[in-house]
Amino acid sequence: MEYTADSIFSQFLWLILFLSASAAVVVARAAASRRRRRLPPGSLGLPLIGETLQLISAYRTENPEPFIDERVAKCGAVFTTHVFGEATVFSADPETNRTVLQNEGRLFESSYPGSISNLLGRHSLLLMRGGHHKRMHSLTAATFANAAVIRDHLLLDVDRLVRLNMDAWTGRVTLMDQAKKITFELTVKQLMSIDPCEWSEDLMKEYMLVIEGFFTVPLPFLSISYTRAIQARRKVAEALATVVRERRKGPRKYDMLGALLDEENSGRVLTDEEIVDFMVALLVAGYETTSTIMTLAVKYLTETPLALAQLKNEQDEIMARKREDYSLQWEDYKSMSFTQCVINETLRMANIISGVFRRTTTDVAVNEGYTIPKGMRVFASFRAVHMNYRHFKDARTFNPWRWPSNGSEITNCATNVFTPFGGGPRRCPGAELARVELSVFLHRLVTQFSWIPAEQDKVVFFPTTRTQKRYPIIVQRRSNHEL
Ligand code: HEM
Ligand SMILES: *[C@@H]1O[C@H](CO)[C@@H](O)[C@H](O)[C@H]1NC(C)=O
Ligand SMILES: *[C@@H]1O[C@H](CO)[C@@H](O)[C@H](O)[C@H]1NC(C)=O
Ligand SMILES: CC(=O)N[C@H]1CO[C@H](CO)[C@@H](O)[C@@H]1O
């Protein structure tokens with residue numbers, strides 16, 4: 001076997017949760033299964049490896065859905081399986097998922113393996129619980145997700161940095177790499193008001209090693225890339241700590257770091273370590289997610305010429321209202337209605353975070369008299385819902401027209417089962433910002449360039465959602481008379 005069960009398990013927890021491997025699983029602790037509750041039905045497969053190999057081979061392809069489909073058909077939407085070394089219960093049911101998301105902190109709590117917490121830092125939002133989580137979540141939302149803040153401050157930076165990066169594009173462009181560079185620079189700017197420079201480029205290099213550690217975690221304390229990731233994390237933390245110390249002395253700025261430092265005024269002093277952990281995790285949360293969606297939106301559009309033409313039309317109309325060297329305004333963003341449909345549809349198809357892991361804090365009854373025992377890991381799968389024909393007509397086809405672009409009735413889908421950003425107390429505080437970044441990116445791309453794929457490339461879902469070749473394209477600047 002290529003991976004040990006243990007390595008895959010730790011890898012998998014992180015991947016799925018954060019970056020999207022895309023299976024959907026509830027992981028039972030061994031102790032829990034000994035307690036003879038009526039777990040949801042399912043098959044535990046072979047001893048030790050369970051159904052792991054079936055899952056990996058499904059997710060290595062462009063069409064991983066059968067793994068879930070077969071089990072849902074046999075056992076229902078909440079079933080038990082055994083993957084990556086653990087008995088696992090899997091929810092493909094939107095109702096159960098809602099229960100899991102809404103009861104965060106009561107019946108369920110988020111749960112990450114130790115190797116991941118070491119890289120994130122223990123004071124990161126993702127690892128906080130209870131009242132402290134609540135407070136810091138709303139602080140993040142107030143700073144990042146607030147429409148007024150995005151409108152008055154962030155949108156301009158997003159537009160400027162996207163343009164700055166695209167100005168350098170000629171010929172062959174590896175879209176995923178470019179998208180990552182853009183999202184990294186954006187996050188650094190939003191967190192601490194630092195524009196792209198040598199410092200931020202060095203930071204990005206170290207930071208990419210940290211990210212690698214998340215994927216290659218095989219044997220946490222032996223693996224070279226994990227050790228390297230931990231070292232890189234220390235360097236990233238040192239660099240950020242320097243910024244924090246300088247900012248404590250300097251004038252106030254309106255960014256995430258400013259908001260964290262302001263906490264002092266409301267009586268709660270955050271240590272430098274707490275602030276740094278918090279920011280490292282924010283860098284992680286917005287980076288791979290947004291850049292992958294940027295890349296896949298372009299791929300889906302390229303493969304759906306009608307949608308690309310309609311989106312181009314919409315964006316050209318916005319540009320036609322402008323003079324040269326314009327900046328996008330909030331009203332422009334708000335008028336990109338078809339673009340929002342494309343973004344929703346990309347989020348639905350790609351399921352970059354395919355679902356979330358929780359752990360039960362008490363015995364929880366689920367449908368038809370089954371019980372998830374206390375202490376069990378639960379995976380609520382968004383992917384399984386988003387790809388289900390019952391909830392979305394032609395669920396496995398990219399169809400942006402299924403979304404209502406003009407406030408009319410929703411057709412061909414049910415919005416209340418669409419949860420790309422999660423829900424409940426942990427709903428993604430970066431959701432609106434991510435939409436703005438994606439919209440601006442698409443605007444600047446289609447109004448300035450035409451492109452063709454440089455090579456055949458395909459989307460796979462293991463170890464993360466990605467295209468195999470990072471989607472290289474050949475761009476050509478659109479000439480003015482073409483507009
Ligand atoms: C397309 C882009 C994105 C997607 C699909 C996405 C999705 C998600 C999802 C599903 C969660 C919930 C995790 C859970 O319940 O355990 C989450 C949490 C989070 N996201 Fe995002 N996200 C995106 C972009 C961003 C951006 C741009 C930022 C910030 C700069 C961000 C910051 C966060 C943070 C801090 C959390 C943790 C919230 C908490 O635990 O209270 N995300 N995201
Ligand atoms: C996109 O999805 C969100 C739910 O996350 C929904 O509120 C919104 O109306 C959708 N947008 C469009 C254009 O349908
Ligand atoms: C929205 O679009 C649908 C279908 O394209 C159309 O039937 C409807 O009249 C439009 N509604 C508005 C308010 O423009
Ligand atoms: C199938 C299932 O677990 N359904 C539950 C979904 O959540 C609601 C409350 O939000 C419960 O009442 C259902 O039993």
Side-chain angles (χ1 to χ4, degrees), residues 16-20 97 100-102 104-105 108-112 120 124-129 132-141 143-145 150 154 158 179 183-184 186-191 256 278-297 334 336-348 350-358 378-380 382-383 386 400-439 441 465:
I16 286 197
L17 205 143
F18 231 81
L19 300 167
S20 109
N97 289 357
V100 171
L101 292 172
Q102 296 299 338
E104 165 72 15
F108 300 89
E109 56 187 21
S110 75
S111 167
Y112 288 79
L120 276 175
S124 73
L125 188 59
L126 294 148
L127 302 177
M128 285 176 192
R129 294 193 180 145
H132 188 47
H133 170 259
K134 207 168 158 190
R135 180 170 172 74
M136 296 308 282
H137 184 99
S138 45
L139 178 77
T140 314
T143 315
F144 256 150
I150 299 179
L154 302 184
V158 172
T183 41
F184 186 80
L186 282 173
T187 315
V188 169
K189 176 77 184 170
Q190 290 149 2
L191 287 176
M256 190 69 224
F278 197 84
M279 295 206 299
V280 169
L282 278 176
L283 269 172
V284 173
Y287 172 73
E288 191 96 11
T289 46
T290 315
S291 56
T292 305
I293 296 293
M294 279 176 182
T295 308
L296 292 182
K334 281 294 173 191
M336 298 177 184
S337 51
F338 183 69
T339 304
Q340 297 315 309
C341 301
V342 168
I343 290 171
N344 272 10
E345 188 64 357
T346 306
L347 288 166
R348 188 187 70 83
N351 289 296
I352 182 73
I353 295 189
S354 73
V356 295
F357 276 107
R358 297 292 188 260
V378 178
F379 186 79
F382 306 154
R383 178 182 193 92
H386 294 164
W401 297 278
R402 76 173 74 244
W403 300 96
S405 65
N406 59 5
S408 65
E409 282 294 293
I410 292 161
T411 51
N412 299 339
C413 64
T415 34
N416 58 342
V417 299
F418 180 58
T419 55
F421 295 105
R426 284 192 185 271
R427 183 176 189 275
C428 178
E432 182 78 20
L433 180 60
R435 282 183 194 281
V436 169
E437 291 178 1
L438 289 159
S439 306
F441 176 82
T465 299

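Whatever order the structure lists them in is the order used to number ligands and atoms, beginning at 1.
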(request) Using distance alone, decide if ligand 1 has a nitrogen or oxygen within less than 3.5 Å of any nitrogen or oxygen in His137. (result) yes
(request) With atom 11 (C) of ligand 1 as the reference point, say which of Ala141, Ser354, Cys428, Ala350 has the nearest heavy atom. (result)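 It is Cys428 that holds the nearest heavy atom.
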(request) Have a look at Ala434, Pro429, Ala281, Pro420 and point out the one with the heavy atom closest to atom 34 (C) of ligand 1. (result) Pro429
Considering the heavy atoms of [X], write down every atom of ligand 1 situated less than 4.0 Å from one of them.
{"X": "Ile293", "result": "1 (C)"}
{"X": "Ile353", "result": "7 (C), 8 (C), 9 (C), 10 (C)"}
{"X": "Val356", "result": "13 (C), 14 (C), 15 (O), 16 (O)"}
{"X": "Gly286", "result": "25 (C), 26 (C), 27 (C), 28 (C)"}

(request) For ligand 2, indicate whether the residue Arg402 contacts it via side chain, backbone, both or neither (heavy-atom separation under 4.0 Å). (result) neither
For [X] against [Y], the heavy-atom pair lying closest together:
{"X": "Pro425", "Y": "Gln102", "value": "CD-O, 4.2 Å"}
{"X": "Leu126", "Y": "Ser110", "value": "O-OG, 3.5 Å"}
{"X": "Asn344", "Y": "Phe418", "value": "O-CZ, 3.4 Å"}
{"X": "Gln190", "Y": "Leu154", "value": "CG-CD2, 3.7 Å"}
{"X": "Gly422", "Y": "Phe382", "value": "CA-CZ, 3.7 Å"}
{"X": "Leu283", "Y": "Val188", "value": "CD2-CG2, 4.2 Å"}

(message) So is Leu282 touching ligand 1 or not, going by heavy atoms under 4.0 Å?
(response)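 Yes; Leu282 lies near enough to ligand 1 that a heavy-atom distance drops under 4.0 Å.
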(message) Heavy-atom contact check, 4.0 Å cutoff: does His133 meet ligand 1?
(response)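 So His133 counts as touching ligand 1.
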(request) Please name the residue in the list Ile293, Ile150, Ile343 that meets the side-chain contact (heavy atoms from CB on, under 4.5 Å) test with Arg435. (result) Ile343
(request) Determine whether the side chain, the backbone, both or neither of Arg358 has a heavy atom under 4.0 Å from any heavy atom of ligand 1. (result)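 Answer for Arg358: side chain.
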(message) Heavy-atom distances under 4.0 Å decide this one: backbone, side chain, both or neither, for Arg426 against ligand 1?
(response)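 For Arg426, backbone and side-chain atoms both sit under 4.0 Å from ligand 1.
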(request) Answer yes when Glu109 and Arg358 have at least one side-chain N-carboxylate O distance shorter than 4.0 Å, and no when they do not. (result)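 No, no charged N to carboxylate O under 4.0 Å.
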Numbering the atoms of ligand 2 from 1, which are under 4.0 Å from a heavy atom of [X]?
{"X": "Trp403", "result": "14 (O)"}
{"X": "Pro404", "result": "12 (C), 13 (C), 14 (O)"}
{"X": "Phe418", "result": "2 (O), 4 (C), 5 (O)"}

(message) For ligand 2 and Asn344, I'd like to know whether there is a polar contact (N/O to N/O, distance under 3.5 Å).
(response)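 Yes; the residue has a nitrogen or oxygen that sits under 3.5 Å from a nitrogen or oxygen of the ligand.
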(request) Would you please indicate if the ring centroids of Phe338 and Trp403 are separated by under 6.0 Å? (result)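 Ring-ring flag for Phe338/Trp403: false, centres at least 6.0 Å apart.
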(request) Could you tell me the separation between the NE2 atom of His386 and the OG atom of Ser354, rounded to the nearest 0.5 Å? (result)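 Interatomic distance, His386 NE2 to Ser354 OG, rounded to 0.5 Å: 10.5 Å.
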